Amino acid sequence: MANSPPTATFVHPTAVVDQGAVIGSGTKVWHFCHLMGSCQIGANCILGQNTFVADGVVVGNGVKIQNNVSLYKGVELKDHVFIGPSAVFTNVLNPRAFVERKEEYRPTLVGQGATIGANAVIVCGNTIGEYAMIGAGSVVTKKVPAFGLVYGNPAVQKGWVSRAGERLQFGDNQQATCPRTQEVYQLTQDGIKLA
């Protein structure tokens, strides 16, 4: 089977892409986005209207970023992350307009396949584990485990989800089956994993 040609990248005429920004094939950059010069966007991503991507930000492949999201320096999104509309990322814990703190930026890593709901706030310096799910409007102030379901202000873990985003119900044998994919997960003292 022959390799299919790469899909063209689309950048809306109202978007601003600074020289040096890297955009992967098949990515769509919509209205009024701004990509700064040293950011890297993977292939087959969607950047919704009014998305801002700062210098140094790294976005993996297949990422979907909804409208009105700003990714500040220090943010890294792994492959297939979903960011809901108006989600907020920070990069300084104690900002002041009159105090320069660019040397104090803290990184934020969002693991592969994770979902961040609409209007959630991700406080810098934290890691969101792979396939975790952050509920809409939540304020994340600490690390979220892989497959963890968290929500609230501050966000608290309320359970576990599968790779398909379905809530998992663990039985006495500490196993759960995803109702969508039938994948089986094992609950351990270190979190969950595919059985």
Side-chain angles (χ1 to χ4, degrees), residues 3-134 138-144 146:
N3 290 334
S4 57
T7 308
T9 298
F10 170 80
V11 176
H12 192 272
T14 61
V16 175
V17 178
D18 293 347
Q19 185 174 356
V22 175
I23 304 173
S25 66
T27 289
K28 294 176 176 60
V29 179
W30 287 103
H31 308 72
F32 311 114
C33 292
H34 181 191
L35 280 60
M36 295 188 75
S38 67
C39 71
Q40 297 178 31
I41 312 296
N44 302 310
C45 296
I46 298 173
L47 278 65
Q49 179 175 300
N50 201 38
T51 295
F52 170 73
V53 184
D55 280 324
V57 169
V58 177
V59 175
N61 298 316
V63 172
K64 292 184 179 176
I65 302 170
Q66 301 298 296
N67 297 352
N68 304 312
V69 173
S70 292
L71 303 175
Y72 296 110
K73 188 171 187 175
V75 173
E76 180 177 356
L77 308 179
K78 296 294 189 181
D79 293 349
H80 306 292
V81 166
F82 177 90
I83 307 293
S86 301
V88 175
F89 290 84
T90 67
N91 60 8
V92 174
L93 286 178
N94 55 345
R96 293 284 196 210
F98 56 89
V99 179
E100 188 70 38
R101 291 200 161 108
K102 290 182 179 173
E103 300 305 318
E104 297 176 31
Y105 288 167
R106 295 189 180 200
T108 299
L109 175 64
V110 181
Q112 178 174 320
T115 293
I116 297 176
N119 292 301
V121 176
I122 311 300
V123 176
C124 61
N126 291 299
T127 297
I128 311 297
E130 63 180 9
Y131 304 106
M133 186 167 288
I134 312 301
S138 298
V139 179
V140 175
T141 60
K142 61 185 180 181
K143 179 180 178 179
V144 177

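Keep in mind that what you see is a predicted model, and the values were worked out from it rather than measured.
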Measure across [X] and [Y] and return the closest heavy-atom pair with its distance rounded to 0.1 Å.
X    : Y    : result
S38  : G56  : OG-N, 3.0 Å
I116 : A87  : CG2-CB, 4.1 Å
A114 : G129 : CB-O, 3.7 Å

Side chains of [X] and [Y] in contact at under 4.5 Å (non-hydrogen atoms):
X    : Y    : value
I46  : Q66  : no
N91  : T108 : no
V53  : I41  : yes
I134 : V144 : yes
N68  : P85  : no
N94  : R101 : yes

Can you name the ring-ring contact (aromatic ring centres under 6.0 Å, His included) partners of Y131, sequence neighbours left out?
->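 If we apply the ring-ring contact (aromatic ring centres under 6.0 Å, His included) test to Y131, skipping adjacent residues, the hits are F147.
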Side-chain donor or acceptor of D79 paired with backbone N/O of Q112 under 3.5 Å =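 No; judged by distance alone, with no hydrogens or angles, the pair does not exist.
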Between the main-chain N or O of C124 and the side-chain N or O of T90, is there a donor-acceptor pair closer than 3.5 Å?
->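 Here the side-chain-to-backbone pair exists.
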side-chain contact (heavy atoms from CB on, under 4.5 Å) assessment of L77 paired with I83 = CA-CA 9 Å; L77 308 179; I83 307 293; 4.1 Å; yes
Testing N119, V69, N67 for side chain to side chain contact (heavy atoms under 4.5 Å, CB included) with S86, which one passes?
->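 Result for side chain to side chain contact (heavy atoms under 4.5 Å, CB included) with S86: N119.
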Check V81, I122, L71 against V110 for a side chain to side chain contact (heavy atoms under 4.5 Å, CB included) and give me the one that passes.
->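 Result for side chain to side chain contact (heavy atoms under 4.5 Å, CB included) with V110: V81.
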Mind checking the CD-CG spacing from E130 to L109? Nearest 0.5 Å is all I need.
->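 It is 10.5 Å, given to the nearest 0.5 Å.
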Answer yes or no: are there more than 12 heavy-atom neighbours, outside R106 itself, under 6.0 Å from its atom CZ?
->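 It does not: R106 CZ has 12 such atoms or fewer within range.
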Would E76 and K78 count as a salt bridge (Lys or Arg N to Asp or Glu O under 4.0 Å) if you check the C-alpha gap in whole Å, the side-chain angles of each, and the deciding distance to 0.1 Å?
-> CA-CA 6 Å; E76 180 177 356; K78 296 294 189 181; 3.0 Å; yes
Between E104 and K102, is a salt bridge (Lys or Arg N to Asp or Glu O under 4.0 Å) present by the stated rule, with each step listed?
-> CA-CA 5 Å; E104 297 176 31; K102 290 182 179 173; over 6 Å; no
Exercise answer: donor-acceptor pairs, residues 27-35 side-chain atoms, under 3.5 Å, sequence neighbours excluded:
from : atom 1 : to  : atom 2 : distance (Å)
T27  : OG1    : G24 : O      : 3.3
T27  : OG1    : G42 : O      : 2.6
T27  : OG1    : N44 : N      : 3.2
T27  : OG1    : C45 : N      : 3.0
H31  : NE2    : H12 : NE2    : 3.1
H34  : NE2    : D18 : OD1    : 3.4
H34  : NE2    : D18 : OD2    : 3.1

Residues V140, V121; criterion side-chain contact (heavy atoms from CB on, under 4.5 Å); working and verdict | CA-CA 6 Å; V140 175; V121 176; over 6 Å; no
Ring pair (Phe, Tyr, Trp, His ring centres under 6.0 Å): pairs with one or both residues in residues 85-127, sequence neighbours excluded |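 Listed by first then second residue: nothing to list.
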